[in-house]
> 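Mind looking over this structure? Questions follow.
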2 protein chains.
Amino acid sequence: MTEMISGLTSVQEDYLETIYRLTIERKVARNKEIAEALNVKTATVTGAVQHLAEIGYVNYESHGYVTLTDIGVKLAKELLERHQLFYLFFHDILGLEEKVADEVACRTEHHITGEPYRRFRDLVTHFQNCTHPSKYQR
Amino acid sequence: MTEMISGLTSVQEDYLETIYRLTIERKVARNKEIAEALNVKTATVTGAVQHLAEIGYVNYESHGYVTLTDIGVKLAKELLERHQLFYLFFHDILGLEEKVADEVACRTEHHITGEPYRRFRDLVTHFQNCTHPSKYQR
DNA sequence: TTGACAAGTTAGGCCCGGCTAACTATATTC
DNA sequence: GAATATAGTTAGCCGGGCCTAACTTGTCAA
């Protein structure tokens, strides 16, 4: 419900990111794969993707493959970039296990954006260059 | 919609935190004040608070003041603690202006919890003790 | 004390994001 | 090429969270 900076909800952002990942990993994104990735039913995906098509983020043909529009790709890339940075922070710097780090990155990526994100990113980069991680892991 | 670790939605968590703050600042939380704090209408607050009462987080009497139950207070305190830590991080360490730091803390507090939160907290504490903040502000 | 204003509630509507059940379309396999 | 299995869609439901409009309750001042 609550809108993100992008104008989409965090759930809609999750769909975009998932579709982007699938098109990279498997060349193509299909309804069923999206459903599995997001842990929802295929009927739910149909509705969500139709709506994202109406507002211009995905290309959608009935019973066909789902692809992102240009603005869809742009947003998905940003999300993925943020996801990766948060994963790196929680996994490599704070030392959380992969699954946990990924989960928390999944949530965080929607909420830390813009200038706060950029500052955070610069801090993380600084860390990587200058500090021994284990120092912060207990 | 999406449930947090607490079993509540992030919006419900916001209500609890707001009620807690108001009871501290003004001794008492009233419908109108909650509405103003959360930027919603009073009718919306009525519904939300009734539901929170049903599930045991607030004490609610019609046309009376709203207070938190014991579990409500417990959760609200956790939220406030997280909020304050994230505010400290974004404001004091990353150097964002107050309003921006507060907004991003408001969002983040719902999503970084449990072990990830504790590790993050330890990192921030470490920062405060050992590092000159300005170093990370550009 | 009563009349006006402020505060709170109820009713009803809308959207999002889930679900199931039933249907249709596509693929596969014989 | 027909039968079956799989994938995708549609319809209809529910709950949360917001709104407005209309009503009720409470408060305060003349």
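Each chain gets a letter, A, B and so on, in the order its sequence line appears, and its residues count up from 1. As the structure is a prediction and not an experimental result, all values here were calculated from the model. What's counted below: heavy atoms across the whole structure, side chains too, no hydrogens, waters or symmetry copies.
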> Measure NE2/B:His51 against P/D:dC14 and give the value in whole Å, please.
16 Å
> I would like to know whether B:Tyr15 and B:Tyr57 meet ring pair (Phe, Tyr, Trp, His ring centres under 6.0 Å); could you show each step before the answer?
CA-CA 10 Å; B:Tyr15 278 96; B:Tyr57 287 87; over 10 Å; no
> With under 30° as parallel and over 60° as perpendicular, where do the rings of A:Phe89 and A:Phe120 fit, or are they tilted in between?
perpendicular
> Of the listed nucleotides (D:dC19, C:dT9, D:dG8), which one gets closest to any side-chain atom of B:Thr42?
C:dT9
> How many Å lie between CG on B:Leu8 and P on D:dG16, as a whole number?
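For the pair B:Leu8 CG and D:dG16 P, the rounded distance is 11 Å.
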> For B:Tyr65 and D:dT27, give me the distance from atom OH to atom C1', rounded to whole Å.
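About 11 Å, once rounded to whole Å.
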> Applying the side-chain contact (heavy atoms from CB on, under 4.5 Å) test to A:Asp14, which of A:Ile34, A:Leu79, A:Leu38 qualifies?
A:Leu38
> A:Lys41 has an atom NZ; how far is it from atom P of C:dA22, in whole Å?
16 Å
> Taking only N and O in the side chain of A:Gln50, is any of them less than 4.0 Å away from OP1 or OP2 of D:dG8?
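So the side chain of A:Gln50 is outside the cut-off, no N or O lying under 4.0 Å from OP1 or OP2 of D:dG8.
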> With the side chain of A:Asn31 defined as its heavy atoms from C-beta on, choose the nearest nucleotide among C:dT20, C:dT9, D:dG8.
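Side chain of A:Asn31 sits closest to D:dG8.
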> So what does B:Tyr15 touch, heavy atoms closer than 4.0 Å: a base, only the sugar-phosphate, or nothing?
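Here B:Tyr15 touches the backbone only, sparing every base.
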> Whole angstroms only, please: what is the CD1-C1' distance between A:Ile55 and C:dG17?
13 Å
> Has B:Tyr65 got more than 12 heavy atoms of other residues, nucleotides or ligands less than 6.0 Å from its OH?
no
> Using a 4.0 Å heavy-atom cut-off, does A:Ser62 contact any base of the nucleic acid, only the sugar-phosphate backbone, or nothing at all?
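If one applies the 4.0 Å heavy-atom cut-off, A:Ser62 turns out to touch the sugar-phosphate alone, with no base involved.
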> Drop me the distance from A:Glu98's CD to A:His91's NE2, to the nearest 0.5 angstrom.
4.5 Å
> Please compare B:Thr46 and A:Val11 by the position of their nearest nucleotide in DNA chain C and report the one closer to 5'.
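Looking at the nearest nucleotide for each, B:Thr46 comes out on the 5' side.
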> Starting from P on D:dG17, measure out to CG on B:Asp14 and report it in whole angstrom.
10 Å
> Give A:Thr2 one of three labels, base, sugar-phosphate or nothing, depending on what nucleic acid heavy atoms sit under 4.0 Å from its own.
nothing
> For A:Glu36 and D:dG8, what is the distance between atoms CD and C1' respectively, to the nearest whole Å?
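Whole-Å distance recorded here is 14 Å.
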> Start at the 5' end of DNA chain C and walk down; is the nucleotide closest to A:Thr9 or to B:Lys32 reached first?
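Result: B:Lys32.
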> Whole-Å distance between D:dT25 C1' and B:Arg30 CZ?
14 Å
> Taking only side-chain N and O atoms of B:Thr44, does any of them lie within less than 4.0 angstrom of OP1 or OP2 on D:dG17?
no
> Using a 4.0 Å heavy-atom cut-off, does A:Ala43 contact any base of the nucleic acid, only the sugar-phosphate backbone, or nothing at all?
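The answer is base, as A:Ala43 lies within the cut-off (heavy atoms under 4.0 Å) of a base atom.
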> Between D:dT10, D:dA7, C:dC19, which nucleotide has the shortest distance from any of its atoms to the side chain of A:Val40?
C:dC19
